[in-house]
Amino acid sequence: MTSVIPPVPDTVPSDGKLRGREATSAVRRAFSSPIASAVIIVISVLWTIPTLGLFINSFRSKEDAATTGWWEFFVHPSFSLSGYEQVLTGSGGLALPLVNSLAITIPATIIPIFIASMAAYSLAWLRFRGSDAIFFLIFALQIIPLQMALVPLQQYYVRGLQIGGVTVLPSPGVNGTLAQIWLTHTMFSLPLAIFLLHNFIAQIPVSLIEAARVDGANALRIFRSIVLPLSMPAIASFGIFQFLWVWNDLLVAKTFGSTDPAQQPVTARMQSLTGSYGAHLELLAPAGFITIVVPLIVFLALQRYFASGLLAGSVKG
Amino acid sequence: MKKHTILAAAAGVLAVTATAACSSSTSTPQAGGGGTTPTLTGDCAQFQPYAGHSGSTVTMFGSILSPESDSLNKSWADFQKCTGIKIQYTGSNTFESDLPVKVNGGNAPNLAIIPQPGLLQQMVSTGTVKKPPAQTVKNEDNWSKVWKNYGSADGTFYAAPMSANMKSLVWYSPKYFASKGYKVPTTHAELMTLSNKMASDMTGTAKPWCGGIGSGTASGWPATDWLEETVLGTYGGQVYDDWISHKVKFSDPQIQAAMKAVQGWMLNPAWVNGGVGNVQTIATTTFQNAGLPILKNQCGMLQQASFYEAQWPKGTKVGPDGDVFAFYLPAANPSITTPVEGGGEFVTAFADDPATQAVQNYLSSPQWAESRIKVAPGWVSANEKVDQSLYTDPIDKISAKYLADPNATFRFDASDSMPAAVGSGTFWKGMVDWFGSGKSAAAVAQEIDASWPN
């Protein structure tokens, strides 16, 4: 099947703008000058210092961390694993919340990708009356803040959508379950997902799609065999964004998820670890460094797509 | 071909999630036990009044988090075992903003443990709060009248008090006091003399008082306590109540005079901020860390509530001759009998099924309060029927003594009773400006008054 996918053409068009691989290498050249490298190194180091401080503090005792700055570690080294121990063993540990988080995050990443890629394809290639207007409307939906929709959405989940006592849209009947969290994350991620994927998918050369049509492929076949494989970089970079967003989410999980502590994700668990009146704020750092492991793995596994996906919308004109 | 495998795998996962989404139906076991009420025997006999609802689950939502929430769960473990009612408690440290979303969204918990009378009023006004059962109302006689008032809205009683904390306390180091020959002050004049004496004795960064009002999004609240205690201790309960209802404004001469008094106390450069730095550092120090200089003899005293006990590092001995202890903050005006500022929680029902009411009745009984006291220290009930000898912790003892004192002028934390826009909004912010950026008391008062909802 891969034989029908020729490389994206790298020609420099007559308008003089750089396209494709040319542009990528131009960017690469610009970033590899010694001055730029030095600036980037300085910025990265500055950017990492707070994280480093937090990391060092996660190994210091509560009293040391509360009374002196983390840099004191280099003058008066003290090392304690009690924070990590409390996080991992205290009231049930982190294993179950981590599993819950995965059970929330994986579907809440895949479902929007599935829907958005099909929507983006149809909006970009199956031209129909009003498709531009629909695309613009979906794009505009991004301005709705999540916080504003919490109460109406909650009412919809509990009672369904009612206008004047008439049920227009019945409640999905998944109140307090994981499915409700998936649904919510899907709703709020679709505008951005469709926008990103649409811009990418629209750039696929017309000749490819036409060639497939001539060969007798229908819309679904073109989507599966050409559009999806070619837009992997964009899908992967959106996937990373969505995964991180859902993984770090606390508000949606707490508002729409189950009230049973055994079904809550790791963010909710971390929040309750800090205790009443923030008596155990020191546990946030060790808990944070444990939970960051999963997104790190995801990021490292998908990062080769990420870089090309980020550049995709901007330089592949 | 590789890309195809990935796609196939993705499709597979999707199929699984799709079926899961379709098949997972609401499964909250809410089945109430019908038929005859079983007779409980042996150790369970004491739970007979709550029997007959086995198999029900009562959801409860509050701001109490681990480890205190673990103690709560333990305190009603026997009740759950004997009655078969499951209490499912969830805690959140953004409870105040989460609860209105749940209630307005039609997804209210069966019971909510509300720590602010202001929020309780707001919830009652939504029309979703259910009136308590007769037995809970009867149990109310165990609390003083003023506590009952805080659990009421528009003259109707809704929510029974649960725990109570004592805010009119000053933390100090008995060891340090003994080594310097300082005596614990019992009058306001003595407290002022002691502060002056400490200020002249201490050298370097050491100062008589320390404080910290940093607390994330709630920054500023410890300073509201300082002002509230000064108002209550200077003008008494009536002015305090009028202040909460905004009959007495922040710009009123009385409140302005109280702010002046706080200026001479916690904003006094000669007296604060022990072990940390100048006055401004009060705004940047977290309240959790505010008292730590006391352990290093860098600070003489810290005004902070009874629950500050949990902040002392492990191994700190709390007691009359330990590393730290607390004394009652004496009032400026001796004609007001024992002014006590405190806080607490109120058990509010959003459901009126028999199981929820059974839990409500149990939580308002002295039996439950005593069961909770036995689980772990650091918890006090204002219930006057509770056996005072059960308290083992010295701070619990002193708190309970004042909280259950029928003659004390008890008042609830004013910022918790004011409308949320002020009490957990501009009042907090005003305090941060006052301490942190040196804004004048008059300007702070003007801003808070202007923000009062009509």
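From a predicted model like this one, the values you see are computed outputs, not experimental measurements.
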Tell me, for B:N289 versus chain A, whether the close heavy atoms (under 4.5 Å) come from the side chain, the backbone, both or neither. side chain
Separation between CG of B:N107 and CG of A:L153, rounded to the nearest 0.5 Å: 11.5 Å
With a 4.5 angstrom heavy-atom cut-off, could you sort out which part of B:Q311 is near chain A: side chain, backbone, both or neither? both
Please classify the contact between A:Q264 and chain B as side chain, backbone, both or neither, with a heavy-atom cut-off of under 4.5 Å. side chain
Can you measure from NZ (A:K254) to OG1 (B:T94) and round to the nearest 0.5 angstrom? 3.0 Å
Go through the structure and list residues passing side-chain hydrogen bond (donor to acceptor under 3.5 Å, both in side chains) with A:T109, not counting sequence neighbours. none
Structural part of B:L292 lying under 4.5 Å from a heavy atom of chain A: side chain
So which atom in A:T255 and which in B:K102 form the shortest heavy-atom distance, rounded to 0.1 Å? O-NZ, 4.3 Å
Compare all side-chain heavy atoms of B:Q88 with those of A:D260 and state whether any distance is below 4.5 angstrom. yes
Does NZ in B:K74 sit with more than 12 non-hydrogen atoms of other residues, nucleotides or ligands closer than 6.0 Å? no
From CG (A:L251) to OG (B:S97), nearest 0.5 Å: 8.5 Å
Could you pull out all residues at least two apart from A:F243 that satisfy ring pair (Phe, Tyr, Trp, His ring centres under 6.0 Å)? A:W247
Contact summary for B:T90 and A:P261, nearest pair of heavy atoms: OG1-CD, 4.5 Å
With a 4.5 Å cut-off on heavy-atom pairs, point out which of A:V158, A:I113, A:T274 contacts chain B the most. A:V158
So, the part of A:L178 with a heavy atom under 4.5 Å from chain B: the answer is neither
Is it true that a side-chain atom of A:Q155 and a backbone atom of B:N104 form a donor plus acceptor pair closer than 3.5 Å? yes
Side chain, backbone, both or neither: which part of B:S92 has a heavy atom under 4.5 Å from chain A? both
Interchain contact, B:Y308 with chain A, by part (heavy-atom threshold 4.5 Å): neither
Which heavy atom in A:V151 sits nearest to a heavy atom in B:V101, and how many Å separate them? CG2-CA, 4.0 Å
